[in-house]
Amino acid sequence: MSEKVISVLAIGGAGCRVMRKIAGDVLAERLRLMAVDTDQDALAESGVPESDRLLAGARWRNGRGCGGNALDGQRAVAHERMQLEKMLSDSRMLLVLGGLGGGTASGGVAVVMSVARKLEIPTVFLLTLPFTLEGHSKRKIAEETVKNELLTIADAVICLPNDLLFSVLEPTTPLQAAFELADREISRTVLALTSVLLHGNLLAADFSDLSMVLRKKKSYCSIGVGIASDGEETGISRGDLAMERLLYSPLLGGADRFSNADAVIFSLLGGPELTIGESRRLLELATRQCGPETNVVVGAATGEEWRTRLLLCAITVKFDAENEVVEVMQKAASRTPRRTREGRANSGVLSGEGAEQLPLPLEQESKGIMEKTTPVYWKNEDLDIPTYSRRKAAIDNGKLVGE
Ligand SMILES: Nc1nc2c(ncn2[C@@H]2O[C@H](COP(=O)(O)OP(=O)(O)OP(=O)(O)O)[C@@H](O)[C@H]2O)c(=O)[nH]1
Ligand SMILES: [Mg+2]
């Protein structure tokens, strides 16, 4: 009989791109990696072995994706249900990765969930929510998927608003680079979490801990990741360094996410030299960031691959926190990217030392009667907002200056 494994399933284009990063890491050797998409090229780029790739609805989508139609996504993935069941049948636990807002993942996650339920596989969904600037319709698709499909049946859903990236990125960062950064953070979170779930040999956390904090509640999450190595010449311990980097990491949305969180899941990974003392000190330090009412779950694991290095990862969970997510974004709009003690922001894509943060499209201009319609964007400008207002043009009211 084959040994049951932790499976990670990518769904849709965003899922496949995160998967590519996971597949390139040695820690992934202990995981079963799979991918399903309606887009042949995205699937081929996922880094998953060919036998574990599933092209959905190939006959009528022609391997070209669903073009943002969630109904097509659901139909296409439902078409592969039998195959999906076969692929998932020896999974002990399942982690599903994707970006909501397009067609395949938004429509397909409900099918994946129903297969997982039939096979009685505990499942965690880790899904991004689209950037606000991607438009109302994508956001709506994403919200509806979470509300109508996932929350009614899923064990655990981690929703990560992409907008959290605003708190650290320069306004000049290309969207592609922002996605890259998100992918890197998500892939590290998956590797840390699965390592602890697989063999939390220092401090064990298991699936029931996760589902207890995430189960069937609408929540908004953020993730923080800090990595530090022995011998970095920073004058502070590697634990403090990992903690600092976590607090400045791009998908966290600021250190106050901890004090406001309803729950936080910490995973710590280190080499065989990581002692109980060091991990306890670090996890205590991390836990101190949380509020008194926060439900904290901690897990720690060691592995040869992490010799001389530490990876500290946190998933913060806030229930029904849409307003707070907006608040985080508004705060982000009013400050320049934060920098670590090393004097640089915690991402590889930041540039332009001291560059001023431009206003983000968060303080909405009034759209009058167009307020409730689906916005039409052209070159990132909302065309329903009058041009003079969008471009901040001075209006000639026929008066002389100072009159
Ligand atoms: N993290 C990350 N998110 C992405 C990336 N590309 C797109 N997204 C986000 O994911 C959402 C869904 O996009 P896709 O994954 O391309 O959509 P899909 O599920 O493949 O659906 P269709 O292409 O319409 O069949 C987008 O609205 C973005 O918010 C990426 O490379 N990384
Ligand atoms: Mg796609």
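Ligands are counted one by one from 1 in listed order, and the atoms in each one are counted from 1 as well.
A 6.0 Å sphere centred on CD of Glu284 holds more than 12 heavy atoms belonging to other residues, nucleotides or ligands.
Using bins of under 30°, 30° to 60° and over 60° for the plane-to-plane angle, the ring pair Phe266/Phe258 lands in the parallel bin.
Residues satisfying the side-chain hydrogen bond (donor to acceptor under 3.5 Å, both in side chains) criterion with Ser7, sequence neighbours excluded, are Ser91.
Ligand 1 is surrounded by Gly12, Gly13, Ala14, Arg17, Thr38, Gly65, Cys66, Gly67, Gly68, Gly99, Leu100, Gly102, Gly103, Thr104, Ala105, Pro130, Glu134, Lys138, Asn162, Phe179, Ala182, Asp183, each with at least one heavy atom closer than 4.0 Å.
The closest side-chain donor-acceptor pair between Thr275 and Arg280, if any, does not fall under 3.5 angstrom. No side-chain donor-acceptor contact under 3.5 Å links Ser229 and Thr308.
The shortest side-chain heavy-atom distance between Leu9 and Leu94 falls under the 4.5 Å cut-off.
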